[in-house]
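Values below: every heavy atom of this structure, side chains too, minus hydrogens, waters and symmetry copies. Just so you know, these numbers come straight off a predicted model, no measurement behind them.
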Amino acid sequence: LADDESKTVQLGAALAGAVGKLSEASAENSSKQDTGLAPRGAWVVALVGPLGAGKTQLVRALAVGLGVDRREVSSPTFGLVQEYSALLQVFHFDAYRLRDVHEFEELGVDEYFAAEGICLVEWADRVAEALPEERLTVEIEIAGPHARRFRFAARGRGYEELLELVARQLGESGG
């Protein structure tokens, strides 16, 4: 449970740190198959929650944790996808205004998913069938005026390791 905005920021920073660490470890190996942890292509984080839950806030915190200027990160509702250069390339999607999964696919998502970096998909429940099987899903529930409840589902060994690293980082920081 995040009882204020600073906890969401801590969570985003922990996710950024874990993704960076696992990506760096994979880069040090001759191929990603050696560790089996980092995905082939981009990390995919599916964000699910109602309007005002804090999906963009979490994306902003994660992107800042990877080195993006906080002022650059905004909801891509009208552009549908934003790209940010950082330690890892950040691809930020918003499926809110899309009529169906085909419109999402027409954005060229397969190319983004195959790229090196991280894909953050807001309103992922609307386009779930187009997402890779292996991914991290973050469900955000509004638990009060400033409180949020986060639920995580990791699919795939690399995402399970990612979640373990996040939990360790948050435990060490008292988050």
Side-chain angles (χ1 to χ4, degrees), residues 1-20 23 42-101 103-109 111-113 115-132 135-155 159 162-163 165-167 169-170 173 175:
L1 182 69
D3 52 6
D4 62 35
E5 192 174 298
S6 69
K7 299 289 187 188
T8 301
V9 171
Q10 283 180 326
L11 175 58
L15 275 165
V19 166
S23 296
W43 291 93
V44 177
V45 179
L47 301 162
V48 178
L51 279 171
K55 295 177 295 294
T56 302
Q57 174 73 23
L58 183 60
V59 167
R60 181 176 292 115
L62 197 156
V64 167
L66 290 171
V68 176
D69 184 319
R70 144 177 249 297
R71 296 169 298 197
E72 290 182 36
V73 183
S74 62
S75 178
T77 298
F78 297 104
L80 303 179
V81 63
Q82 300 279 11
E83 297 181 28
Y84 307 106
S85 294
L87 298 174
L88 285 174
Q89 190 72 14
V90 178
F91 308 109
H92 179 196
F93 299 87
D94 189 326
Y96 182 72
R97 290 186 327 121
L98 299 178
R99 285 190 305 266
D100 56 38
V101 71
E103 280 191 327
F104 183 66
E105 292 170 335
E106 287 174 5
L107 295 173
V109 294
E111 291 177 33
Y112 287 104
F113 295 154
E116 295 294 319
I118 184 167
C119 294
L120 306 164
V121 184
E122 292 190 41
W123 299 97
D125 49 325
R126 294 179 178 219
V127 294
E129 64 193 74
L131 299 176
R135 64 181 182 261
L136 177 66
T137 300
V138 181
E139 292 184 34
I140 308 171
E141 176 187 334
I142 298 172
H146 302 286
R148 302 295 181 261
R149 183 170 291 112
F150 294 88
R151 289 190 182 89
F152 301 89
R155 292 187 182 173
Y159 290 95
L162 175 69
L163 213 44
L165 278 174
V166 169
Q169 288 182 20
L170 290 174
S173 70

Under 6.0 Å from the CD atom of Glu105, do we count more than 12 heavy atoms belonging to anything else shown?
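Atom CD in Glu105 is crowded, with more than 12 foreign heavy atoms closer than 6.0 Å.
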Gap between atom [atom2] of [Y] and atom [atom1] of [X] - 0.5 Å precision:
X: Phe91; Y: Gln82; atom1: CZ; atom2: CD; result: 12.5 Å
X: Thr137; Y: Tyr159; atom1: OG1; atom2: OH; result: 9.5 Å
X: Glu116; Y: Ser23; atom1: CD; atom2: OG; result: 8.0 Å
X: Asp94; Y: Glu122; atom1: CG; atom2: CD; result: 5.0 Å
X: His146; Y: Glu5; atom1: NE2; atom2: CD; result: 9.5 Å

Are side-chain heavy atoms of [X] and [Y] found at a separation under 4.5 Å?
X: Leu136; Y: Leu15; answer: yes
X: Val45; Y: Leu58; answer: no
X: Phe150; Y: Lys7; answer: no
X: Arg60; Y: Arg70; answer: yes
X: Ile118; Y: Leu66; answer: yes

Between [X] (side chain) and [Y] (backbone), is there a donor-acceptor pair under 3.5 Å?
X: Lys55; Y: Val121; value: no
X: Arg97; Y: Leu80; value: no
X: Asp100; Y: Glu103; value: yes

Closest contact, heavy atoms only, Ala61 versus Gly12:
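In this case the closest contact between Ala61 and Gly12 is CB-CA, 3.8 Å.
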Do the rings of [X] and [Y] sit parallel, tilted or perpendicular, given the 30° and 60° boundaries?
X: Tyr96; Y: Trp123; result: tilted
X: Tyr84; Y: His92; result: tilted
X: Phe113; Y: Phe104; result: tilted

Lys/Arg N to Asp/Glu carboxylate O, Arg151 vs Glu139, below 4.0 Å
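Judged by the 4.0 Å cut-off on N to carboxylate O distance, Arg151 and Glu139 do not form a salt bridge.
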Decide side chain to side chain contact (heavy atoms under 4.5 Å, CB included) for Val166 and Gln169; before the verdict, give the C-alpha distance in whole Å, the side-chain angles of both, and the deciding distance to 0.1 Å.
CA-CA 5 Å; Val166 169; Gln169 288 182 20; 5.8 Å; no
Kindly indicate, with the supporting measurements, whether the criterion side chain to side chain contact (heavy atoms under 4.5 Å, CB included) is fulfilled by Arg126 and Leu98.
CA-CA 8 Å; Arg126 294 179 178 219; Leu98 299 178; over 6 Å; no
Output, in order, the C-alpha distance, side-chain angles, deciding distance and verdict of side chain to side chain contact (heavy atoms under 4.5 Å, CB included) for Ile142 and Arg148.
CA-CA 5 Å; Ile142 298 172; Arg148 302 295 181 261; 3.6 Å; yes
How far apart are the C-alpha atoms of Val68 and Leu62, what are their side-chain angles, what is the distance that settles it, and do they pass the side chain to side chain contact (heavy atoms under 4.5 Å, CB included) test?
CA-CA 9 Å; Val68 176; Leu62 197 156; over 6 Å; no
